[in-house]
Amino acid sequence: MPTSSPPQSRPGVVILGTGGTIAGSTAAALGHHYTAGVLSIEELLASAPGLADIAQLRCQQLFSLDSVELDLPRQLQLARRVAQIAADPDVDGVVITHGTDTMEESAYLLHLLVGTDKPVVLTGAMRPADAPGADGPANILDAVTVAASPAAHGLGTLVVFGGAVHSGREVSKRISSRLDAFDSFHGPLGDVSEQGLLLYGRPARRFGADSAFELASLPESLPSVELLLSHPDMPASICRAILDSGAAGIVHAGPGGGNVATPVARMLDEARERGVVVVRSSRVGAGVVARNGAVSDTEHGWVAAGDLNPFKARVLLALALTQTSDVATIQRLFDTH
Ligand code: SIN
């Protein structure tokens with residue numbers, strides 16, 4: 001009598017929709033270019049056949065927004081929802097569909113705050129769901145493959161895009177218009193291929209449960225941190241407006257290795273005198289801003305961003321300021337997270 005092996009149970013994956021171009025529609029745009037975040041997560045999943053063979057899926061919709069609207073309070077809300085989903089013993093991994101524009105900020109925030117060992121995977125698309133050659137279905141398939149993979153445990157938050165697997169800390173949107181929009185300065189952690197997830201690296205810095213931050217003890221909103229993208233002709237009035245905005249922190253994005261023009265440096269020194277924490281980063285987009293490299297951070301009392309781009313530095317500074325405004329302590333947080 002033929003024996004049949006017991007049915008293999010597929011991993012449980014929750015897909016959490018937040019909007020973005022992946023849920024965008026050209027047809028719904030009524031004369032505009034397109035509208036982000038109009039399709040439900042269920043409609044998106046219908047466009048990616050084969051998902052049910054990889055995992056047992058459940059869907060939730062948190063937002064239906066263009067990711068430019070995902071400010072820090074909403075990103076925190078997302079982190080809290082992901083932590084709650086991941087705590088369910090029936091869940092093996094979480095996929096978040098998200099707009100590409102601010103995915104790098106959400107990915108870093110989640111990477112720092114969500115303490116689960118289970119894979120948390122963000123993905124999105126550069127083309128709306130109803131555009132020719134839409135990239136969303138393949139990205140969702142890849143993201144679910146990674147979220148369902150035991151090998152992806154213990155890697156923190158990942159971004160899966162265009163077949164590459166990036167760490168949430170490293171990834172950034174480097175190209176505003178192409179399908180291969182994302183890259184990581186130190187390279188992706190892996191690929192999704194016909195063989196499934198192939199890994200080549202692991203995150204080197206503190207994250208998740210090992211980070212200095214605890215999601216449960218954070219306030220509803222984080223201290224305000226402004227970004228000062230600087231150039232040689234920057235009028236003092238712009239600097240002054242940022243200084244007077246009441247921000248608890250300023251991330252300066254300067255040319256090259258985080259260089260600071262003399263009038264801007266004066267303003268940043270004044271910010272320090274008022275107790276505002278200043279982080280020095282680079283507007284180049286990739287590379288290292290070394291402490292006491294282009295400028296003496298020690299002399300000015302500034303923090304060097306290291307390899308974090310200005311947007312990620314803003315996220316880390318906002319979290320750091322919930323604990324301290326001591327510059328040496330914040331520099332250590334930047335050196336280790
Ligand atoms: C967005 O970030 O929500 C719009 C752009 C995109 O998803 O590519």
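All ligand and atom numbering here is 1-based and tracks the order in the structure. We use all heavy atoms of the structure for the numbers below, so side chains are in, but hydrogens, waters and symmetry mates are not. Count residues from 1 along the sequence.
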Please state which protein non-hydrogen atom is closest to atom 2 (O) of ligand 1 and give its distance, to 0.1 Å? S67 OG, 2.6 Å
Should A125 be listed as contacting ligand 1, given a heavy-atom distance under 4.0 Å as the test? yes
Distance alone, cut at 3.5 Å: any donor-acceptor contact between the side chains of S167 and R169? no
Which residue and atom name correspond to the protein heavy atom nearest atom 8 (O) of ligand 1, and how close is it? T100 OG1, 2.4 Å
What's the separation between atom CZ in R202 and atom CG in L155, rounded to the nearest 0.5 Å? 5.0 Å
With heavy atoms of G20 as the reference, note each atom of ligand 1 found under 4.0 Å away. 3 (O), 7 (O)
Could you walk me through whether L76 and L215 pass the side-chain contact (heavy atoms from CB on, under 4.5 Å) test, one step at a time? CA-CA 8 Å; L76 272 182; L215 185 55; 4.3 Å; yes
Under 3.5 Å, N or O to N or O, is T102 touching ligand 1 that way? no
OG on S106 to NE2 on H98, rounded to 0.5 Å: 3.0 Å
Side-chain donor-acceptor contact under 3.5 Å, H252 with S281: no
Please write down residue, atom name and distance for the protein heavy atom closest to atom 5 (C) of ligand 1. T21 OG1, 3.1 Å
